[in-house]
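Residue numbers start from 1 in every chain, and the chains themselves are labelled A, B, ... in the order their sequence lines are given, proteins ahead of strands. Bear in mind the structure is a predicted one, so any value in this text is a computation, not a measurement.
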Amino acid sequence: MMATLISDLQLSVSIWAWPLVALAVVIAQIVFQNSRLSFLISILGLGANLIYSLWCFDLAPVQALFFGAVIFDSLTQFLNVLALFIALGCLFISSPGMFSQDNFFRVHYEQYSEFLVCLILSGFGAVVAFSANDLTCFFLGVETLAIGTYCLCGFFRTEIRSSESALKYLFIGGFSTVVLLYGIAFIYGSTGFTRFDEISRVIAAGDKPLVLMAVLFTMAGLAFKLALVPFHIYTPDVYEGAPTAVTAYLATMVKLAAVGISLRIFWSCFGAVSEVWIPFWTSLCVASIIFGNIAALQQKSLKKLLAFSSVSHAGFLGLGLLLADPSRGIGFALFSYLAIYSGMSLGVFAIVALLEDRSKVFMLEDLKGLGLAKPLYGIALAILVLGLAGIPPLAGFMIKFWIFQQLVEQSYFAVAILAALGSIVGVAYYLKILMYLFMSGDSDWGLATRWSVLRDQIFSVRSLILAAVLLSLIGGLKPDFYAHWILTTFALK
Amino acid sequence: MMEFAFYLVAGLMLLSAGLVAFRPKPIESALWLILHFFLTSTLYVFIGADFVAVVQLLVYAGAIVVLITFVILLLNLNPQEISGGESIRWTSTVLFLCSLGAVLFCLHISTPSLLEKMPAPGSSFGSIEAFSRTMIQNYSWSFEVAGFLLLLALIGVGLLAYRRPSTRDHSNIENKSEAA
């Protein structure tokens, strides 16, 4: 038993390295009380983990570790690598505040080490959740992710908007957790097992009057996490109030985790009763694409607009889930959508974080003249926003195209048409951003008032923006390079 | 005999739950809640789950109710302030009863077939030994993750509840940064 435990630990280094980094940060903070050192440790730790998980893993087909509680297959490894990229990106976005001389940032960044620990541990929660093969660690992972993000949202604790965001997210998130737990209780009550493979065996075998309840409640709980319409009501306020690095985290990591766990639980547990949940899930996704885009049209605040845009992207991610099958590693459309969407939104939020004036709401009008005064940032934002809209030569087009192609191949014609209509509506508000960007307006851009607040001394945010723009350009013109990465390196299909 | 005891305890549970919901003063509700938790743990003893019964008493009746009492003391609520509109209470009651009815109906349909499929619990079921064996073997990973969840909650509270020690320290920090 000891030997299997040790070999399990050796295999799953890339999972438990997350809390190890967090512990290192905690200890360093206690001993040295230096937030820059903590930042360095987190970057190095997560970076080392990333390098290890990219190059030093073995692709054994499917491995159930820790007495079958953790499933360590190529899907887990792929999502883990994405989660590491996202966590590093959010750390980079949050880092300039460390060097700011502004009183607001100085007061809050005294707590930066705690911020780092919360971010890393909630990332660990995400990894635990989507690598789970057991209801208990699935739920614990979801909760670790959620509690971490509640705290992160309230990071600017003296600011009323940030506290409001944390409180709203806490209450609605707590409610969604209860709903999810209710679903889990139904699953356990109707099958008597907590392991996914045993649950799916029991569900496939017999009559299942309780399965419908289990499916509905679990789906509602997960739709809250993924922010699908009509469970998206919290997104605008939470996304706007949270610090921008955390908003990026909510739009990428939480969605990644929610998609990963939905993939596992719907296909691994409820795979035998897919005719029960597919209609509900599809209608949620289509509603998110349509209503998310329509609501985004009416927004005046940039972060609220991006929040609704993330709702519509969540709809596409949900549709991608229909085309996947985790047990055989199928779902190329979904995986490429996850990777490219995460990269592009990290880039957009990085730009927003640099330009933002934290003392007031970032309105669309504030973008006026940016493209003329700061052409590099203007062009970068334009490329990323067009990518999110799905305009042809960019990567954002390819990922939507693959989703549509797969939908049509698997004869979801009506769904594909509705989703296409929804995303055409979406183009309108992305173009609105561009219009403001290159409109001549008050040319107070680049003046000391805004730029002195955040100084990106270690070029972290700028390199992140550059990486996102390159991903958006190269991914569109030459999609082979990441397709190769997904298909060959991780042996997904 | 067992059946009679079960119905007695279940009836008392319903009564105490009703008292929790409808007493005007929150502190009275908290006290009735303690009784409710005791009765729940009695039910666990009936089905032979000793460990869960003890944990129920320790965690809920011990810790949670103390916490609730503290919150009530700190908030110092006026009974009139917390009584909401009657109409809202009635709609929520009706909604709750409907959903509860739906759940019970589903259970009623499915229970006989479910019970046949489930393996009968062994003789050591619910004992502390069996529980701890399961905990450190099958659920060892969950156990560790729960540890990190608690660490995260602790640090998160530190992050949100932190206050600067005093204004004098504040000026010190400012002086230091100016000197630097």
Side-chain angles (χ1 to χ4, degrees), chain A residues 1 5 8 12 16 18-19 22-23 26 65-70 101 103 106-107 110-111 113-115 117-118 121-122 124-125 128 132 134 136-141 143-144 147-148 150-152 154-155 157 163 166 182 186 189-192 194-195 202 205-213, chain B residues 96 99-121 125 133-165 167 169-178 180:
Chain A
M1 196 186 97
L5 204 60
D8 285 0
S12 61
W16 56 260
W18 285 82
L23 282 183
V26 172
L65 309 180
F66 300 109
F67 307 96
V70 174
Q101 292 302 308
N103 199 36
R106 246 183 25 219
V107 167
E110 278 173 27
Q111 302 286 98
S113 301
E114 282 92 327
F115 177 91
V117 174
C118 285
L121 276 182
S122 66
F124 171 62
V128 168
D134 185 292
T136 52
C137 60
F138 156 71
F139 180 71
L140 282 169
E143 267 311 271
T144 313
I147 288 178
Y150 304 150
C151 300
L152 290 175
F155 177 55
R157 61 185 185 284
S163 308
Y182 206 35
F186 271 116
S190 59
T191 59
T194 57
R195 296 275 192 264
V202 174
D207 52 327
K208 44 250 168 185
L210 281 183
V211 168
L212 178 66
M213 304 285 274
Chain B
F96 171 73
S99 49
L100 186 70
V103 170
L104 288 178
F105 183 69
C106 277
L107 279 175
H108 179 72
I109 296 173
S110 60
T111 312
S113 63
L114 276 178
L115 286 181
E116 282 164 21
K117 265 182 291 180
M118 290 211 182
F125 172 79
R133 271 185 193 284
T134 322
M135 195 58 122
I136 60 166
Q137 285 186 2
N138 285 350
Y139 295 99
S140 52
W141 179 248
S142 310
F143 190 73
E144 294 301 320
V145 175
F148 282 109
L149 173 59
L150 292 178
L151 175 72
L152 170 64
L154 200 69
I155 289 171
V157 168
L159 172 66
L160 293 179
Y162 177 79
R163 293 283 173 274
R164 279 169 160 265
T167 45
D169 286 357
H170 182 74
S171 61
N172 271 346
I173 291 166
E174 272 178 6
N175 290 340
K176 245 188 271 171
S177 69
E178 273 163 22

| query | Heavy atoms, side chains only, cut-off 4.5 Å: are Val128(A) and Trp18(A) in contact? | reply | no
| request: Measure Leu65(A) against the heavy atoms of chain B and call it side chain, backbone, both or neither at under 4.5 Å. | output: neither
| field | Separation between CZ of Phe66(A) and OG of Ser12(A), rounded to the nearest 0.5 Å | value | 3.5 Å
| task | For the residue pair Thr194(A) and Tyr139(B), establish whether any side-chain heavy-atom pair is separated by less than 4.5 Å. | result | yes
| message | Only pairs of heavy atoms separated by less than 4.5 Å count here; which of Ala69(A), Pro19(A), Gly154(A) has the most with chain B? | response | Pro19(A)
| note | Separation between CZ (Phe67(A)) and OG1 (Thr134(B)), nearest 0.5 Å, reads 11.5 Å
| Toward chain B, the part of Phe124(A) with a non-hydrogen atom under 4.5 Å | side chain
| note | One option among Glu114(A), Gln111(A), Glu143(A) has the most heavy-atom pairs under 4.5 Å with chain B, and it is Gln111(A)
| task | Pick whichever of Leu152(B), Val157(B), Ile155(B) has the most heavy-atom pairs under 4.5 Å with chain A. | result | Leu152(B)
| request: Output the option from Thr136(A), Ile147(A), Val117(A) having the highest count of non-hydrogen pairs under 4.5 Å with chain B. | output: Thr136(A)
| Partner chain B: residue of Ser122(A), Cys151(A), Ala132(A) with the largest heavy-atom pair count (under 4.5 Å) | Cys151(A)
| field | chain B contact via Phe139(A) - side chain, backbone, both or neither, heavy atoms under 4.5 Å | value | neither
| Gap between atom CG of Leu149(B) and atom OG of Ser142(B) - 0.5 Å precision | 11.5 Å
| field | CG-CG distance between Leu160(B) and Leu152(A), expressed to the nearest 0.5 angstrom | value | 9.0 Å
